[in-house]
Amino acid sequence: MLRYTVRRVLMMVPLLVLVSLGVFALVLMIPGDPAITIAGENATEAQIDATRERLGLNDPVLVQYAAWAGHALTGDLGSSLFSNESVTGAIAGRFPVTLALTLAAMLIALLIAVPAGVVAALRRGRWQDRGATLFASVGISLPNFWVGILLIMAFALAFPIFPAVGYTPISEGVGAWARGLVLPGITLGTAVAAEITRQLRGSLTDTLQQDFIRTARANGLSARAVVLRHGLKNAAVPVVTVIGFQVGFLLGGSVIVERVFGLPGLGDLAIRAVLQRDIPMIQGIVVVAALIVMLVNLAVDLSYGWLNPKVRQA
Amino acid sequence: MTNAVNASGATPGSLSSRVGAAGPVAEVEDLTVDFRLRGGVLGRGDTLRAVRAVSLEIGERETLGLVGESGSGKSTTGRAMLRLVEPTAGSVRLDGEEVTALGRGDLRLARRRMQMVFQDPYSSLDPAMVVGESIGEPLDVHESLSRAERSARVGDLLEHVGLSATYAQRYPYEFSGGQRQRLAIARAIALHPRLLVCDEAVSALDVSTQNQILNLLEDLQAEFGLSYLFIAHDLAVVRHIAHRVAVMYLGEIVETAPTDRLFDRPAHPYTEALLSAVPVPNPRRQRERERIVLRGEVPDAANPPAGCAFHTRCPHVMDVCRVEAPPVVAAPGGGTVRCHLHT
Amino acid sequence: MTEPLLVVEGLEVEFATDRGWVQVLDGVSFTVGRGETVGLVGESGSGKTVTSLAVLGLLPAESSRITAGSIRLDGRELVGLPRRRMEALRGDELSMIFQEPMTSLDPAFRVGDQIAEVVRRHRGGSKRAAWARAVEVLSTVGIPHAERRARSYPHEFSGGMRQRVMIAMALSCEPKLVIADEPTTALDVTIQAQVLDLLRAMRDEFGTAVVFVTHDLGVVADICDRAVVMYAGQVVERAGVDALYEHPRHPYTEALLSAMPQLTARSGRLATIPGSTPPAGAMPPGCRFHPRCGHGVDACRDTAVAEHPLAEGGTSRCLRVSDLALKGSA
Amino acid sequence: MTATAIDRREALAPPEPGARARFVRRFRRQRLALAALVYLVLVVLATVLAPLLATHDPLAQNLGSVLQQPGGGHVLGTDDLGRDVFSRALYAGRVSLVAAAQAVGVAVVLGVIPGLVAGYAGRKVDAVIMRLTDALMSFPPLILAIAFVGVLGPSLTNAMFVIGVIFAPRFVRLVRGTVLSIREETFVEASRSIGTPTPRVIVRHVLPNALSPLIVQVSLTAAMAMLAEASLSFLGLGVQPPDASWGSMIERGFRYTATAPWLTVFPGLLIALTVLAFNVLGDGLRDSLGREIRRGS
């Protein structure tokens with residue numbers, strides 16, 4: 001298991017290099033002269049030259065990359081072109097909001113998906129299964145901003161149970177904080193719940209048809225023990241994979257949900273950076289998002305080792 | 001039916017290999033196949049020697065049975081002979097032509113003379129194609145026929161294996177296991193090959209179907225003068241169809257012999273144990289038989305025992321077996337054996 | 001005389017298909033005495049596996065149903081037994097060994113845990129005691145270093161060893177009856193010989209009755225006391241093995257026997273049974289074997305045939321049972 | 001009896017019955033997928049025939065009748081500039097569908113060929129392609145899209161190109177996986193054993209058998225691409241005014257959530273239904289295709 005872990009962690013190194021290259025390449029893709037874009041359309045020639053110098057754009061590309069990556073490794077992602085605020089600082093300030101939103105969404109998704117998926121697999125072909133399948137199909141098809149708007153119409157405007165917009169920091173009370181996360185969490189979690197339900201249903205259905213399930217039944221284990229002990233553990237690998245995948249979607253979706261509900265998170269920061277073409281800020285956000293996804297994938301892969309003993313040796 | 005069946009066939013089990021004046025159809029010399037295993041700390045794999053210096057020959061219209069348990073390398077030997085896996089060393093000659101030396105293009109041409117029938121009738125036909133397409137594929141690759149000629153040939157092949165020519169437009173899933181195996185045979189004989197490697201070709205079938213296929217193979221041999229390498233783990237089937245038999249254990253041939261000699265007077269302790277392990281379908285005889293139950297299992301091929309590969313399970317093991325690999329010697333009554341008991 | 005350990009009587013099973021419910025077992029009856037080994041023989045599609053799953057109550061609930069008949073274990077009716085009561089019996093009083101040793105063990109758990117789970121389910125007791133029992137049965141079935149090997153996962157065992165683990169699990173609660181469904185088909189002959197020896201030893205040691213489901217007449221000759229031959233969802237012949245092989249009383253049995261390739265001498269042409277087993281739902285009228293039978297008369301075509309009891313014991317489902325002299329195996 | 005003289009035709013029993021029954025059953029079970037297909041055809045037709053079906057000029061502003069409720073002269077009401085929502089939705093649908101098609105096209109082109117190469121070429125090429133794919137998959141899709149659009153400048157074409165690039169790894173993985181498993185099938189080895197050249201093996205055996213999962217994935221990706229387009233347009237990074245897509249219509253209507261809910265409800269419903277249709281169609285195809293390969297193995 002240790003060897004597997006080490007190998008898996010080592011595998012991240014080339015991935016990190018590739019990802020950082022990709023992020024760095026964003027600057028190279030700016031159409032025309034990035035210095036003009038960055039300094040602004042109305043900048044003077046001198047200002048543009050200064051910008052070019054400051055950004056090191058006169059250096060060879062590899063040197064530029066090395067400088068940028070070297071700083072990034074120390075946690076210095078540069079500073080905003082507009083506010084001069086440090087990118088790392090700005091991200092750190094916004095991160096708790098997005099983290100809270102993402103966790104809320106995942107929690108809601110799991111609370112819906114696990115029972116729904118299990119019941120669907122156990123009652124295959126009956127109304128419970130059809131209901132879960134319908135939920136799964138519809139859930140992944142709804143645009144989440146639309147769901148958010150509908151929820152606001154229903155539960156903030158028509159029946160004002162939850163706040164329509166805004167974020168209450170946890171320091172101002174856990175209750176208010178949690179209340180503010182309910183609608184955004186549902187908005188963001190619906191599609192994830194649908195996706196996990198789908199995968200769990202499929203994977204558990206397959207597992208329950210395996211020979212070893214028949215063995216367990218032939219030895220008198222109760223239906224409950226068969227499903228919960230032997231079924232779920234063996235069905236878990238593809239489900240965990242999907243959950244890992246969903247983290248990327250949650251981060252992307254949070255951009256939208258933060259916009260709809262006016263939450264001051266990373267997504268909100270990203271939109272502003274994009275509208276202002278604040279390149280270092282964009283790069284910083286992408287790097288952080290990719291890093292989170294990679295760490296989650298690492299955790300997912302390591303969990304395989306526990307779920308499937310064969311992986312440990314491989 | 002025009003192609004009357006020659007049921008009498010040739011007398012099986014004649015003592016010598018039927019190598020005529022023209023020489024054997026297939027000659028294999030010191031064939032060795034290594035597989036690289038994945039794994040190891042840095043993905044640096046170990047090697048597994050699946051086939052160790054195997055030599056054999058198959059004469060015209062001869063069926064050589066190749067028997068052994070799983071992991072013995074019998075299937076790999078068959079595949080390496082057709083270069084479906086690349087041999088690591090050794091030579092394979094087909095009608096005197098060195099198959100192992102052929103370049104890509106020549107090998108493709110040579111393939112029309114050596115064909116294979118696979119074990120699993122359910123995956124050996126492309127499910128996305130009507131069976132006429134699958135059977136006709138060798139013709140498409142090697143001969144340029146008009147549409148009419150091609151469909152006539154395919155129909156003829158179907159009839160030859162006992163199916164109706166009208167089945168050409170059906171999909172594989174419409175056929176039973178036995179019928180699929182007939183289709184696979186039709187594809188294999190489409191180009192009138194010299195050598196047909198049958199890799200466990202009847203193992204997946206019920207007894208009654210299995211016999212139909214075995215009879216079919218015998219008929220086709222008589223009709224087209226085919227030579228067979230018949231790979232199987234079922235000894236009773238091999239006894240029926242093979243003229244000579246080679247027994248493999250852990251990548252090596254431990255005994256070869258004309259069929260009757262092998263079954264009546266096995267020379268190698270492993271052959272003896274294999275034969276005694278097959279229960280005979282007669283309770284009284286089965287009760288009276290002396291059974292040799294080998295202990296343990298086949299050792300790991302990646303890490304074979306020193307000396308004689310069989311010594312870990314051999315009931316007659318001697319000190320010399322543990323250190324020295326036995327040479328191949330002539331066996332009493334014909335054939336060869338690789339055992340210290342005979343040296 | 002008390003009733004035999006297992007009595008199956010007039011068992012009828014239907015499966016759900018596109019064309020509605022289709023009968024797959026028709027009036028299957030046989031018995032198994034205490035400590036006896038009975039072979040359930042037939043080719044694919046004969047219904048032998050369905051029969052064994054029915055006895056264990058393992059037929060899929062949604063797509064199959066028992067429409068008639070009775071299955072009694074030790075005098076207790078199993079058909080219609082509530083699910084929980086049936087669960088409590090399985091693994092305890094009767095258990096099953098399956099064909100595929102490679103896939104029949106849960107890959108995610110240590111083999112010792114899997115056996116201990118069964119022990120605790122039926123015998124209760126501490127985890128430690130159950131584990132000790134698991135190690136004990138593993139060593140009984142000839143797993144070397146059982147103490148250590150109990151901590152291994154299924155993929156760390158060879159096929160033969162996994163089948164031993166399966167047998168250990170099936171025997172862990174000392175059941176009265178074990179159903180072995182083609183337990184050696186996936187194994188090499190030398191390993192098959194080991195496993196057959198093991199089953200014999202277990203039967204002698206625990207007095208367990210065994211239903212041995214197989215298509216291999218050699219295996220039946222080797223290990224069984226009596227045989228039940230099935231064809232197309234029906235039992236066609238029941239007899240003690242000596243009688244069955246030497247004087248088969250049903251043409252299908254004769255055909256099967258003559259089709260077995262022999263180790264001893266090369267026959268001329270191999271005997272075949274023309275045609276193929278009819279699929280469920282498309283059974284021919286009259287005797288189900290008549291389209292493939294060489295002894296058929298007109299009556300076979302339209303008269304459904306009942307099982308005829310034989311003077312020497314056993315039954316045959318053949319109209320001409322009294323006037324046919326059939327060939328046995330040499 | 002059984003040792004009769006051999007009749008080669010003993011195997012002439014007709015092929016296993018029920019092939020047609022199975023097809024009919026499968027077809028019947030896909031009623032939902034069929035309905036989805038019909039719906040999609042109707043939507044495509046409606047957007048193609050938009051000029052004929054539109055009741056108003058989609059761009060014509062009428063400040064005299066802003067934010068009118070559905071009914072009356074405007075089936076689906078009017079927006080804040082007095083434009084007819086129904087007519088706009090028809091044209092916007094065109095934009096949304098074309099955008100989705102563009103993204104799927106890019107994803108297929110960028111995905112299938114590397115997937116085939118990775119699956120068929122040796123370990124090294126495979127490793128390189130898969131590492132690149134992993135890297136691309138490490139980015140949260142929408143964030144990467146936003147970043148690219150931020151750098152390249154907001155435009156629907158840019159956005160959908162990027163979405164296509166982001167979805168390409170799914171096709172790489174799918175095609176590679178399918179190729180790897182088909183390569184292991186005996187029928188491919190059988191084809192090689194008769195001397196079939198590799199390109200022909202790929203074209204005749206590998207591709208046709210990889211096609212079913214590919215078609216399924218195209219349908220599912222179209223659904224995701226529509227959602228992505230809607231999201232980007234909702235953020236103002238996709239389609240630019242005065243053109244509209246369903247997503248940008250919602251963005252505009254969002255400001256009037258309290259007073260004119262129809263501005264968000266109708267386009268949202270259209271997106272949801274269309275995406276649902278692609279998903280249902282994809283699932284239906286998956287269930288009815290590809291079963292034969294698994295059968296018996």
Side-chain angles (χ1 to χ4, degrees), chain A residues 11 14-19 21-23 26-27 29-31 37 133 137-138 140-147 149-150 152-153 157 164 191 198 245 247-256 259-260 266-267 270-271 273-279 282-283 285-286 289-294 297, chain D residues 32 36 127 131-154 158 166 220 223-224 226-232 234-237 246-247 250-251 253-254 257-258 261 263-265 267-269 271-280 282-283:
Chain A
M11 269 172 60
L15 204 58
L16 267 173
V17 172
L18 279 174
V19 164
L21 270 173
V23 173
L26 279 175
V27 180
M29 292 176 70
I30 299 176
T37 309
T133 313
S137 298
V138 173
I140 53 165
S141 304
L142 298 177
N144 49 17
F145 50 91
W146 191 60
V147 173
I149 295 171
L150 293 185
I152 290 176
M153 285 179 190
L157 302 179
R198 217 168 134 94
F245 264 126
V247 171
F249 278 92
L250 283 175
L251 287 175
S254 69
V255 177
I256 305 230
R259 170 89 157 200
V260 172
L266 275 183
I271 295 291
V274 165
L275 292 176
Q276 296 173 325
R277 308 192 89 185
D278 190 343
I279 306 292
I282 298 177
Q283 285 179 314
I285 293 168
V286 175
L291 203 62
I292 294 172
V293 171
M294 278 192 277
N297 283 344
Chain D
L32 212 56
R131 285 299 83 72
L132 285 173
T133 311
D134 286 348
L136 200 49
M137 286 184 104
S138 299
F139 297 105
L142 199 58
I143 300 230
L144 191 60
I146 290 170
F148 268 93
V149 172
V151 171
L152 297 171
N158 283 351
I166 291 167
L220 299 179
M224 286 190 295
M226 283 215 60
L227 280 182
E229 183 279 330
S231 299
L232 285 173
F234 175 77
L235 294 174
L237 301 174
W246 290 335
I250 297 181
E251 193 267 330
F254 180 39
T257 304
L263 291 183
T264 45
V265 170
L269 210 54
I271 298 174
L273 280 177
T274 311
V275 173
L276 182 64
F278 276 121
N279 278 326
V280 167
D283 285 346

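Each chain gets a letter, A, B and so on, in the order its sequence line appears, and its residues count up from 1.
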Can you find a pair of side-chain heavy atoms, one from Asp283(D) and one from Arg198(A), that are under 4.5 Å apart? yes
Against chain A, work out which of Asp134(D), Leu144(D), Val265(D) has the most heavy-atom pairs shorter than 4.5 Å and name it. Val265(D)
Given heavy-atom pairs under 4.5 angstrom as the criterion, report whether the side chain, backbone, both or neither of Leu157(A) touches chain D. side chain
On a heavy-atom basis, the closest approach of Leu220(D) and Gly282(D) is CD2-CA, 4.1 Å
So for Asn279(D), is it side chain, backbone, both, or neither that comes closer than 4.5 Å to the heavy atoms of chain A? side chain
Under a 4.5 Å heavy-atom cut-off, does chain A meet the side chain of Met226(D), its backbone, both or neither? neither
Specify which of Gln276(A), Gln283(A), Arg259(A) makes the most heavy-atom pairs with chain D at under 4.5 Å. Arg259(A)
For Pro140(D) against Val293(A), the heavy-atom pair lying closest together: CG-CG2, 3.7 Å
Between Leu275(A) and chain D, which part of the residue has a heavy atom less than 4.5 Å away: side chain, backbone, both or neither? side chain
Determine the minimum heavy-atom distance between Gly153(D) and Arg277(A), stating which atoms define it. N-NH2, 3.6 Å
Is chain A contacted by the side chain of Ala230(D), its backbone, both, or neither, given a heavy-atom distance below 4.5 Å? both
Non-hydrogen side-chain atoms of Leu142(D) and Leu232(D) separated by less than 4.5 Å: yes
Can you sort out the partners of Phe145(A) under ring pair (Phe, Tyr, Trp, His ring centres under 6.0 Å), two or more places apart, ordered by chain and number? Phe234(D)
Using the test side-chain contact (heavy atoms from CB on, under 4.5 Å), find all partners of Ile292(A) that sit at least two apart in sequence or belong to another chain. Phe95(A), Val247(A), Leu251(A), Val288(A), Val296(A)
Measure distances from Leu269(D) to the heavy atoms of chain A and classify the residue's part below 4.5 Å as side chain, backbone, both or neither. both
Residue Val17(A) versus chain D: region with a heavy atom under 4.5 Å: neither
Mind ranking Val147(A), Ile256(A), Val138(A), Ile282(A) by heavy-atom pairs under 4.5 Å with chain D and telling me who comes out on top? Ile256(A)
Check whether Leu237(D) gets within reach of chain A through its side chain, its backbone, both or neither, counting any heavy atom under 4.5 Å. side chain
Full working for side-chain contact (heavy atoms from CB on, under 4.5 Å) between Ile166(D) and Phe139(D): CA-CA 9 Å; Ile166(D) 291 167; Phe139(D) 297 105; over 6 Å; no
Nearest non-hydrogen partners of Ile250(D) and Trp146(A), listed with the distance: CD1-CD1, 4.0 Å
Considering only heavy atoms and a distance below 4.5 Å, find which of Ile146(D), Thr274(D), Leu273(D), Leu136(D) pairs most often with chain A. Ile146(D)
Chain D contact via Pro143(A) - side chain, backbone, both or neither, heavy atoms under 4.5 Å: both
Specify which of Leu152(D), Leu276(D), Val149(D) makes the most heavy-atom pairs with chain A at under 4.5 Å. Leu276(D)
